[in-house]
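Report on the following structure.
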Amino acid sequence: MIARVLPLTRTRAVKGLFDYLVAPELLAQVGVGSLVRVPFAGRTLQAVVAELTLSSELPHERLASIEAALPARLPSDLVRLALWMGHEYCSTAARALAVMLPPGATRGISEKRVLSATITAAGRAACSDGTRLSEGQRQLLEELTQSTQLPAATLGTAALRRLESRGLVRLELRVVGRRPGRHSVSSTSATAPPLTAEQRSVLEQLLGVAPEGGGAGEFLLHGVTGSGKTEVYLQAAARTLEQGRSVIILVPEIGLTPQALARFEARFGDVVAVMHSGMSEGRRFDEWLRLARGEARVCVGPRSAIFAPLADIGLIVVDEEHESSYKHEGDPRYDARAVAQRRAAEHRALLLYGSATPRPESVHGARLLRISRRVDGRPLPAVEILDMRGLHHPLHPQTRLVLSDCRREGGKAVVLLNRRGWSNFLSCGSCGHVWMCPNCEVTLVMHRGGGYVSCHHCGHRERIPSRCPQCGSVSVARHGAGTERLEQDLIGALAGPGFEVLRLDADAPSMEARARTLQRFHEARSAVLVGTQMIAKGHDFADVSLGVVVDADQTLRFPDFRAEERTFALVTQLAGRTGRGGRGRVLVQTSEPLARPIVLAARHDSETFLQGELQRRSALSYPPFTTLIRVVCSALEQSAAHAAAVALRERIQPPRARVLGPAPLFMLRGRHRSQLVIKAALREAAIDAVAAAVDQLTGVREHREVAISVDVDPQ
Ligand code: ADP
Ligand code: ZN
Ligand code: ZN
């Protein structure tokens with residue numbers, strides 16, 4: 001037998017499948033998806049078996065043999081997925097496999113085994129038939145008669161060994177599962193509530209296409225915030241499980257929204273497996289195994305859960321499908337939403353995207369299901385736009401007024417400012433010197449609490465400066481306000497007995513710390529929560545009556561064709577956190593009060609917004625009407641990065657496409673960057689052309705100091 005394998009290496013030059021002989025004694029352990037060790041170019045590499053075949057193009061005597069089979073084995077559909085992903089994202093199949101292999105598998109992680117003791121028949125008899133036993137031995141045996149098996153360590157391994165040698169006890173290694181803790185939140189209920197008319201209609205349309213679990217289809221559930229989308233996912237999942245099929249639920253960030261997870265666990269119990277980066281590798285590995293063995297049939301997790309080793313998937317849900325966290329920033333730069341499409345098609349599964357602010361891409365491609373009202377029938381909050389032109393304080397006078405009303409009335413408020421730190425940048429009052437990152441072309445942001453200024457791109461830190469390095473002046477001016485300063489302002493203005501001011505942003509030391517802040521806000525009687533976009537994400541706060549967006553233009557100023565969409569989503573999502581338990585009110589501060597995304601978000605008019613977006617994108621040839629590919633060349637020398645980009649440009653000539661650039665990007669982590677953007681009408685052809693050009697260039701000596709990264713469908 002011959003195995004065609006994909007060696008697990010980062011090198012771009014190693015492409016395609018390599019043939020190895022499978023020795024007869026390994027045949028039982030080696031199948032498609034098996035992780036194996038092979039000799040490769042004088043070294044030993046790990047590899048994944050992609051195919052088994054009887055013949056090779058090479059004579060058998062020239063083939064090397066597989067050295068060993070490791071315990072992990074991917075389902076074969078994931079191997080096919082890796083081959084596709086490697087190509088689709090201009091990467092390699094090996095790099096794609098690296099993100100889908102079981103956690104820790106390549107480092108030999110395996111199940112946890114514990115030495116356990118069981119009493120034998122002779123042991124039972126020995127308790128009563130007068131066999132000579134010490135008092136300690138008798139006690140041990142008595143204890144073992146009470147239970148089927150016990151971990152040896154707690155009883156004393158040495159004593160047990162002596163009993164084992166007399167045949168009174170059996171000792172063996174047993175697998176113990178490392179299960180993650182439950183996320184049970186007290187308010188979650190295990191029983192399904194009766195659906196609202198809109199929810200029911202959505203569920204019927206969704207399941208109508210797959211009467212016997214056969215058909216497939218792609219749907220977008222566009223439901224306003226608080227419309228009960230999660231309940232639709234839960235009931236669709238229940239039906240899928242009844243048909244004997246399995247389910248994947250993708251969520252943006254488990255750490256921030258444990259409620260969604262708790263609801264799945266409460267409803268489905270042990271068949272739910274969870275995988276996220278906050279869990280230890282051992283636990284993730286065990287959850288992976290439970291899925292692979294079919295013991296768990298629902299996988300809930302962030303983007304990487306799309307690679308859950310489930311058989312016969314019947315439903316894939318992508319919750320909050322507009323979230324940018326579905327795009328992977330490492331190589332391959334895959335988009336979990338597109339991978340979900342591919343997996344759903346292969347399994348003939350239903351694909352359900354859900355959001356209150358869907359992407360134009362999904363509106364364009366999927367069948368639309370709508371929920372236009374909140375579950376409890378409460379209206380969406382009233383949104384007022386506050387014009388900030390000519391004002392210098394970060395908060396509008398009206399905002400201050402409404403916030404102190406909120407405090408007086410014992411209410412709760414969320415205040416969004418999508419910028420952390422104290423000040424955006426520092427400059428010298430005498431000579432104008434601006435403090436910049438030494439590795440990146442960006443300003444350093446001041447964090448007063450920590451006593452440092454830092455770069456938000458590379459993490460570089462310095463102490464807060466007291467004098468100018470250029471002219472020695474001690475007048476250092478601070479510009480702009482971030483969440484840290486806003487928190488201080490609000491503490492000064494509002495904090496007091498019975499009213500808390502809390503802050504949530506990426507400065508929090510850990511995921512647990514963030515979850516604690518959210519929990520405190522939940523439990524507080526009256527409080528304001530200040531934070532970055534984190535506070536706008538999917539939280540189901542029952543008693544928030546006021547929402548404030550401090551600088552709604554912040555996302556609008558981004559030089560990106562998705563700037564408008566992001567701004568619309570941020571304002572709408574923030575509004576979505578308010579008024580869930582009663583009347584809600586939202587204030588949006590902006591210096592562009594007439595900007596389309598802001599005006600339409602204030603009217604809760606996503607219909608008009610999305611139509612306009614699609615028209616604009618069609619007119620400007622942006623996705624979903626074209627495919628964008630971004631290629632970035634980076635090097636220590638500006639000229640090297642530029643030269644490589646120019647050389648690439650000459651080599652990339654896809655049909656019906658425009659190649660824009662090279663354009664310089666700001667320096668990042670000490671590397672100069674130059675960028676090409678390809679706008680193509682024919683996706684496949686463009687991907688092929690870029691991949692071929694990049695492969696060619698990586699072989700050219702002159703450009704070997706240049707790193708090239710390709711991003712298909714950049715965010
Ligand atoms: P969305 O995800 O659309 O923002 P959620 O699914 O979080 O909305 O639902 C909002 C709230 O309504 C949740 O607390 C949920 O438990 C509750 N809910 C959902 N569906 C129903 C229903 N049919 N009857 C009663 N309560 C419901
Ligand atoms: Zn100066
Ligand atoms: Zn930096």
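These numbers were taken from a predicted model, which means no experiment stands behind them. Numbering of ligands and ligand atoms starts at 1, following listing order.
Taking a cut-off of 2.8 Å, the protein N, O or S atoms nearer than that to the Zn ion (ligand 3) are Cys437 SG, Cys440 SG, Cys455 SG, Cys458 SG.
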Inset, instruction - Decide salt bridge (charged side-chain N to carboxylate O under 4.0 Å, His left out) for Arg562 and Glu361; before the verdict, give the C-alpha distance in whole Å, the side-chain angles of both, and the deciding distance to 0.1 Å. - result: CA-CA 11 Å; Arg562 290 201 173 89; Glu361 283 91 336; 2.8 Å; yes

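What you find for Asp319 and Tyr326 is that their closest heavy atoms are O-OH, 2.6 Å. What you find for Phe541 and Ile535 is that their closest heavy atoms are CE1-O, 4.4 Å.
When heavy-atom distances to ligand 1 are checked against 4.0 Å, the residues falling inside are Pro193, Pro194, Leu195, Thr196, Gln199, Val224, Thr225, Gly226, Ser227, Gly228, Lys229, Thr230, Glu231, Arg263, Val375, Asp540, Arg580, ordered by chain and number.
In this structure, Phe521 has its ring center at least 6.0 angstrom away from the ring center of His539. Taking the ring centroids of His456 and His447, they lie under the 6.0 Å cut-off.
In this structure, the side chain of Lys412 engages the main chain of His522 through a donor-acceptor pair within 3.5 Å. A donor-acceptor pair under 3.5 Å links the side-chain atoms of His604 to the main chain of Pro381, judged by distance alone.
Residues that satisfy the side chain to side chain contact (heavy atoms under 4.5 Å, CB included) test with Pro379, not counting sequence neighbours, are absent from this structure.
Within the model, atoms CE of Met446 and CD of Glu462 stand 13.5 Å from one another, a figure rounded to the nearest 0.5 Å.
Looking at Leu380, Val232, Ile371 one by one, the single match for side-chain contact (heavy atoms from CB on, under 4.5 Å) with Ser227 turns out to be Ile371.
Only protein atoms were considered; those of element N, O or S under 2.8 Å from the Zn ion (ligand 2) number 4.
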